[in-house]
Amino acid sequence: MADLSINFAGIKAPNPFWLASAPPTDKAYNVIRAFEAGWGGVVWKTLGEDPAPVNVSSRYSAHFGKNREVIGFNNIELITDRSLEINLREITQVKKDWPDRAMIVSMMYPCEESIWKSVLPLVEATGADAIELNFGCPHGMPERGMGAAVGQVPEYVEMVTRWCKQYCSLPVIVKLTPNITDVRMPARAAHNGGADAVSLINTINSITSIDLDSMVARPIVGGKSTHGGYCGSAVKPIALNMVAEIARDPATQGLPISGIGGIGNWRDAAEFIALGAGSVQVCTAAMLHGFRIVEDMKDGLSRWMDEKGYTTIEDFRGKAVANTTDWKYLNTNFKSIAQINQDNCIQCGRCYIACEDTSHQSIAQLIAENGQRTYEVIKEECVGCNLCQITCPVENCITMVAEDTGKPYMNWTQDPRNPRAENLIKA
């Protein structure tokens, strides 16, 4: 049976599933319930200065799909609204009672060296395994010069990281904001400052919806609203891309990554790990479905690893990184075309409509005398864009089949159609 245990930047845990710093990790009661359910670790909700911030009501909103499925989740909640003394006392006790679980403490303080110097020893004294620097919160705290206001300035990221490495012996994880042009810049800064790892992504600036009766965005606070932090399954593609950018950047090569963003099942976790993540953090899925979801996550990941012959997490961690490259190095001589399995086709016509109206007119609609419709791919016109496969409601009814063009690998830097061809070869 697969071994799910990890050693992430010196932090040991029985499995890679951690709860992210958020409402689910705000107090001992929640964290104990999480550990009882089987989570491998938690990142305690972000600690800050006393007096603690004041939160508002309401705090959450959502982007819904069909049948009120929550696709994206938005929040305007701030860091912990409990005192530093209470949080430190609870962290100490929980870590003492659950020594085999990873206990990471999230922190957010002003960019003043004296403050970090005074607080870091207090956190270290709890027995916690590591600290996570919250440089990503996109609402409320940036207005006070913290959160994303720090994470968007690489010089600040490096500076604070150096302070933490100077005044604390615990591993330092830097949590990165996605609200930036190039996430590699703060990641490099964290690495230069001595960070032991990075975690990403934090939440994305968002407004999920507008109440068209009151003309106020949600969540509504006394007739007004503001942008919040977007998370949930909708942000997973953005998070995967940013994790990949750091994993394949030569400047941060080998830097441990804790993956965050839209992880709701074992497959999501496996995808983040395949792109280099050594642990994964979950928040929204736990808030929507409860702590017991970790049982299916562990079981599913373990079964998949057994099926693939992976004994440990390290056996497949980062395996997808080498296959992720820049667009200019993709093979312009590769060709695939769509193929429709007529036995599985339900003749709904969605592939035809999508291709005819918005793509390459490469699917023919054939209507027999009895009115029976059949859809066939016009191979000569198909460019292999995948749109028909995506719109088809029947899984595996439409597949993309590679065509042998008889042409060698050639990328855009070599393509004679490129007026600025570099004539370079890179697989």
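The closest donor-acceptor contact from the side chain of N192 to the backbone of R188 lies under 3.5 Å. Of the possible donor and acceptor atoms, one in the side chain of Q361 sits under 3.5 Å from a partner among the backbone N and O of S359. The backbone N or O of L255 sits nowhere less than 3.5 Å from a side-chain atom of T252 that would complete a donor-acceptor pair. Judged by distance alone, with hydrogens and angles left aside, the side-chain atoms of D211 form no donor-acceptor pair with the main-chain N or O of P219 at under 3.5 Å. Checked by atom type and distance alone, the side chain of T126 pairs as donor or acceptor with a backbone atom of A128 at under 3.5 Å. Side-chain atoms of S302 do not come within 3.5 Å of backbone N or O of D299 as any donor-acceptor pair.
Side chain to side chain, N265 and D296 fail the donor-acceptor criterion of an N or O pair below 3.5 Å. Under 3.5 Å, the side chains of D249 and Q253 contain no donor-acceptor pair of N or O atoms. With 3.5 Å as the limit, one finds no donor-acceptor pair spanning the side chains of N341 and T399. R218 and S209 share a donor-acceptor pair across their side chains, judged by distance under 3.5 Å alone. Side-chain contact check for T46 and N134: at least one donor-acceptor pair (N or O, by modelled atom type) lies under 3.5 Å. If you check the side chains of E90 and N87, you find no donor sitting under 3.5 Å from an acceptor.
Smallest separation of non-hydrogen atoms from L122 and L88: CB-CD1, 3.9 Å. For the residue pair L176 and A187, the shortest heavy atom distance occurs at CD1-CB, 3.9 Å. Nearest approach of T203 to N179, heavy atoms of both residues: O-ND2, 3.2 Å. Taking each heavy atom of T177 and A148 in turn, the nearest pair found is OG1-CB, 4.1 Å. In terms of heavy atoms, I76 sits closest to H227 at CG2-O, 3.7 Å. The shortest heavy-atom contact between T311 and D315 is N-OD2, 2.7 Å.
No more than 12 heavy-atom neighbours from other residues, nucleotides or ligands sit within 6.0 angstrom of CD on E395. Residue Y156 qualifies as open at atom OH: its count of foreign heavy atoms under 6.0 Å is 12 or below. The environment of R89 atom CZ is dense: over 12 non-hydrogen atoms of other residues, nucleotides or ligands sit within 6.0 angstrom.
Taking the side chain as every heavy atom from C-beta outward, P16 and L301 approach each other to under 4.5 Å. For the pair W163 and Y109, the minimum side-chain heavy-atom distance is 4.5 Å or more. Looking only at side-chain heavy atoms (C-beta outward), T413 and Y329 come within less than 4.5 Å of each other. Between M108 and C137 there is a side-chain heavy-atom pair separated by less than 4.5 Å. Taking the side chain as every heavy atom from C-beta outward, I313 and M305 approach each other to under 4.5 Å. In this structure the side chain of W44 reaches within 4.5 angstrom of the side chain of V31, judged on heavy atoms. Side chains of S5 and K12 form no contact here, defined as non-hydrogen atoms less than 4.5 Å apart. Between M103 and I11 the shortest side-chain heavy-atom distance does not fall below 4.5 Å.
The distance from atom NE2 of H360 to atom SG of C388, rounded to the nearest 0.5 Å, is 11.5 Å. For the atom pair CG of D81 and CG of N55, the computed distance is 5.0 Å after rounding to the nearest 0.5 Å.
By the side-chain contact (heavy atoms from CB on, under 4.5 Å) test, A13 pairs with I6, W18, A102, sequence neighbours left out. Scored by the salt bridge (Lys or Arg N to Asp or Glu O under 4.0 Å) test, R267 finds no partners at all (sequence neighbours excluded). Legend: residues meeting side-chain contact (heavy atoms from CB on, under 4.5 Å) with Q342, ordered by chain and number and at least two apart, are I340, C345, T374, E376.
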Please assess I246 against V183 for the test side chain to side chain contact (heavy atoms under 4.5 Å, CB included), listing each intermediate value before the final yes or no. CA-CA 8 Å; I246 294 172; V183 76; 4.2 Å; yes
Carefully, step by step, assess Q339 and V377 under the rule side chain to side chain contact (heavy atoms under 4.5 Å, CB included). CA-CA 7 Å; Q339 180 174 288; V377 175; 6.0 Å; no
Side chain to side chain contact (heavy atoms under 4.5 Å, CB included), that's the test. Do V401 and S336 meet it? Break it down for me. CA-CA 5 Å; V401 181; S336 66; over 6 Å; no
I would like to know whether D182 and R184 meet salt bridge (charged side-chain N to carboxylate O under 4.0 Å, His left out); could you show each step before the answer? CA-CA 5 Å; D182 189 342; R184 295 175 300 175; 2.9 Å; yes
I'd like to know whether T80 forms a side-chain hydrogen bond (donor to acceptor under 3.5 Å, both in side chains) with D26, so could you lay out the CA-CA distance, the side-chain angles of the two residues, the decisive distance to 0.1 Å, and finally the verdict. CA-CA 7 Å; T80 183; D26 188 37; 3.3 Å; yes
Check against side chain to side chain contact (heavy atoms under 4.5 Å, CB included), L200 and I257: CA-CA 8 Å; L200 68 156; I257 300 170; 3.7 Å; yes
For the pair N74 and S206, evaluate side-chain hydrogen bond (donor to acceptor under 3.5 Å, both in side chains) and give the outcome as yes or no after the intermediate values. CA-CA 7 Å; N74 178 61; S206 68; 2.8 Å; yes
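Salt bridge annotation for K236-E271: present, with a cationic side-chain nitrogen under 4.0 angstrom from a carboxylate oxygen. A salt bridge does not link K298 to E295: none of the charged nitrogens lies less than 4.0 Å from a carboxylate oxygen. Salt bridge D326/R248: present, at least one basic N to carboxylate O contact under 4.0 Å. Salt-bridge annotation for R33 and E36: absent, with no side-chain N of the basic residue lying under 4.0 Å from a carboxylate O of the acidic one. Between R162 and E158 there is a salt bridge, since a side-chain N of the basic residue sits under 4.0 Å from a carboxylate O of the acidic one. Using a 4.0 Å cut-off between charged side-chain N and carboxylate O, R59 and E77 make a salt bridge.
The salt bridge (Lys or Arg N to Asp or Glu O under 4.0 Å) analysis of residues 223-232, with sequence neighbours excluded, yields no pairs. Sorted by first and then second residue, the salt bridge (Lys or Arg N to Asp or Glu O under 4.0 Å) pairs involving residues 107-124 (not counting sequence neighbours) form an empty list. Among pairs with a residue in residues 126-147, those fulfilling salt bridge (Lys or Arg N to Asp or Glu O under 4.0 Å) read K95-D129, at least two apart in sequence or across chains.
Classification of the W98-F35 ring pair by plane angle, with boundaries at 30° and 60°, yields tilted. A tilted orientation is assigned to the rings of Y230 and H63, their planes being inclined by 30° to 60°. In this pair, F17 and W39 present their aromatic rings perpendicular. The plane angle is above 60°, beyond the 30 to 60° band.
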